[in-house]
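This report refers to the structure that appears directly beneath it.
In what follows, every chain begins at residue 1, and chains take the letters A, B, ... in the order their sequences are listed.
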Amino acid sequence: MSKSPQRIRGTQDIFGEDADRFQTVVAAFERVRRLYGFRRVEMPVFEATQVFARSIGETTDIVSKEMYSFEDRGGDSLTLRPEFTAGICRAYLSEGWQQYAAVKIATHGPAFRYERPQKGRYRQFHQLDAEIIGAGEPAADVEIIAMGAQLLGELGIGERIELKLNTLGDPATRDAWRDALVEHFRARQKDLSEESRARLEKNPLRILDSKEHQDWPIVDSSPVVDDFLTPDAADYFGRVTAGLDAAGIKWTRDPRLVRGLDYYRHTAFEFVTEDLGAQSAVLAGGRYDGLIESMGGPHTPAVGWAAGIERLSMLIEQPGATGMDAALVPLGEAAEAAAVRIAADLRRAGIACEMAYRGNMKRRMQKANASGARYAIIVGDDELARGEAAVKDLQTGEQRSVAIDRLAEAVRGG
RNA sequence: GCGACCGUAGCUCAGCUGGUUAGAGCAUCGGUUUGUGGUACCGAGGGUCGCGGGUUCAAGUCCCGUCGGUCGCCCCA
């Protein structure tokens with residue numbers, strides 16, 4: 001069918017309603033981010049591979065199979081960002097952002113993962129991202145979760161999404177819980193699914209969110225993190241939940257919600273929905289106090305989240321048409337020249353208007369209608385001679401003559 | 001990397017057990033109407049039926065391969 005170039009697998013050309021949805025999500029994020037005092041930053045799309053590899057752990061499948069890595073002409077290994085957090089932490093260290101600590105940062109843009117595309121998963125996808133770096137207080141966790149909750153609320157999808165919350169505790173908690181889980185699963189290994197038996201060696205915590213029914217009883221009877229929480233860790237989590245309650249944010253405890261990587265501490269959370277096929281998380285994050293240290297920096301507490309713009313876009317109501325206020329319909333060359341000036345004046349006055357590049361009156365009226373414009377401004381020789389134009393309300397069909405220098409108020413006034 | 005389903009016009013699809021020049025709606029362009037859209041009518045352009053091979057007198061239709069898509073598994077920082 002085609003010798004012409006095709007879209008690369010897992011990429012998207014976002015247009016029309018999809019583009020409107022995307023913009024709606026981004027606009028809501030920008031609004032909410034300001035309300036919470038997060039500074040907007042712009043980050044590189046690629047980093048040295050080490051930035052991601054070191055933070056994730058060199059041996060995992062993620063690094064070997066899921067990253068878009070390549071060599072530049074100097075032979076350095078670079079990687080398209082698979083997420084924002086690692087790059088932001090790198091900048092925190094390399095650009096001296098430590099002087100602004102505790103710093104609240106928000107950004108959004110494309111990220112890249114070499115995965116098999118499916119519903120809500122793309123190779124180039126788009127994320128919203130919020131981080132608080134340099135704050136180890138529970139109030140930071142509360143604030144960043146509240147920000148996520150408010151975003152979902154403003155997008156009108158708060159009711160269909162549940163906040164699941166857990167704590168991984170401090171390193172002592174985490175290690176003790178992990179050991180107990182491994183022991184529990186190893187003792188019941190023969191009853192586990194094939195997938196989970198493999199996970200037992202590679203990433204035992206992931207057995208907790210196995211999709212295999214046969215694993216569920218074993219998961220349900222597994223030790224919960226609460227039994228291993230140190231007094232400090234329990235106190236920390238108590239302050240986070242108290243803060244959420246004070247902020248009026250509904251949450252559900254999920255004592256088996258986990259994060260696979262070692263640098264996660266304390267709070268872990270996911271806003272989840274049933275409406276996205278095999279994907280459930282729309283906004284997820286947690287506290288990652290160990291990350292910056294693992295990148296070679298000083299111990300630095302931090303908490304953050306990321307959300308998939310495409311997933312949010314799929315969940316929101318269809319945005320209202322972003323129609324034009326008016327469409328110019330000139331009749332003849334002289335009128336067209338006059339209409340160009342009228343359009344320029346209207347736009348300077350803040351009226352969204354446009355004029356078709358070609359076509360007879362009928363065609364231009366069709367275009368005016370299709371543009372969603374409330375009014376057609378018909379400019380013909382008779383009207384021009386009188387310094388007027390015909391303003392037609394495309395909803396009611398009513399039409400009246402308006403002086404050209406009063407068009408802006410006529411259109412604005414309704 | 002694995003599995004299931006699907007590839008026919010720009011888009012959404014129809015095409016019965018293989019059988020004459022491959023269809024519809026929408027979209028595009030033109031006309032009915034050289035100053036009136038959203039509802040009407042007439043017409044036009046647009047397809048090597050994803051690609052390659054095979055079976056057959058005959059393949060869009062059946063078989064194999066391949067590429068692409070969708071959904072799921074794995075993974076999910």
Would you call [X]-[Y] a salt bridge at under 4.0 Å N-O?
| X | Y | answer |
| --- | --- | --- |
| Arg40(A) | Glu30(A) | yes |
| Glu336(A) | Arg341(A) | no |
| Asp345(A) | Arg348(A) | yes |
| Asp170(A) | Arg265(A) | no |
| Glu47(A) | Arg90(A) | yes |
| Arg199(A) | Glu195(A) | no |

At under 4.0 Å between heavy atoms, what does [X] touch on the DNA or RNA strands: base, sugar-phosphate, or nothing?
| X | value |
| --- | --- |
| Tyr114(A) | nothing |
| Ala278(A) | sugar-phosphate |
| Arg363(A) | sugar-phosphate |
| Tyr288(A) | nothing |

Between G7(B) (P) and Gln6(A) (CD): distance, integer Å =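 Spelled out: CD on Gln6(A) to P on G7(B) is 18 Å.
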
Separation of atom CG in Asp262(A) from atom P in A77(B), rounded to whole Å =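 Taking atom P of A77(B) as the reference, CG of Asp262(A) is at 12 Å.
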
Picking from [options], which would you name as closest to the side chain of [X]?
| X | options | value |
| --- | --- | --- |
| Arg9(A) | C75(B), G68(B), A77(B) | G68(B) |
| Lys119(A) | C74(B), G72(B), G31(B) | G72(B) |
| Leu261(A) | C75(B), A77(B), C29(B) | A77(B) |

For the [atom1] atoms, the ones on [N] and on [M], what distance do you get once it is rounded to whole angstrom?
| N | M | atom1 | result |
| --- | --- | --- | --- |
| G35(B) | C49(B) | P | 45 Å |
| G68(B) | G31(B) | P | 44 Å |
| A9(B) | G72(B) | P | 26 Å |
| A58(B) | A24(B) | P | 29 Å |

Step through it carefully: locate the ring centre of His126(A), locate the ring centre of Phe22(A), and say whether they are under 6.0 Å apart.
->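 Yes.
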
Please state whether the base of A77(B) and the side chain of Arg113(A) form at least one donor-acceptor pair under 3.5 Å?
->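 Indeed, a donor on one side and an acceptor on the other fall under 3.5 Å apart.
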
Just wondering, more than 12 heavy atoms not from Arg197(A) lying within 6.0 Å of its CZ?
->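 Buried by this count: over 12 neighbours within 6.0 Å.
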
More than 12 heavy atoms of other residues, nucleotides or ligands under 6.0 Å from CZ of Phe70(A): is that the case?
->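 Yes - once you tally the heavy atoms of other residues, nucleotides and ligands closer than 6.0 Å, there are more than 12.
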
B/S/- contact track for nucleotides 33-38 of chain B, protein heavy atom under 4.0 Å = --BBBB

Please state whether the phosphate of [N], meaning OP1 or OP2, lies under 4.0 angstrom from any side-chain nitrogen or oxygen of [X].
| X | N | value |
| --- | --- | --- |
| Asn203(A) | C76(B) | yes |
| Arg206(A) | C75(B) | no |
| Arg199(A) | C75(B) | yes |

Could you tell me the separation between the CZ atom of Arg311(A) and the OH atom of Tyr122(A), rounded to the nearest 0.5 Å?
->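 It is 9.5 Å, given to the nearest 0.5 Å.
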
Could you spell out the base pairing of RNA chain B in dot-bracket, with Watson-Crick or G-U pairs whose two distances are under 3.5 Å, [ ] crossing and | to another strand?
-> (((((((..((((.....[...)))).(((((.......))))).....(((((..]....))))))))))))....

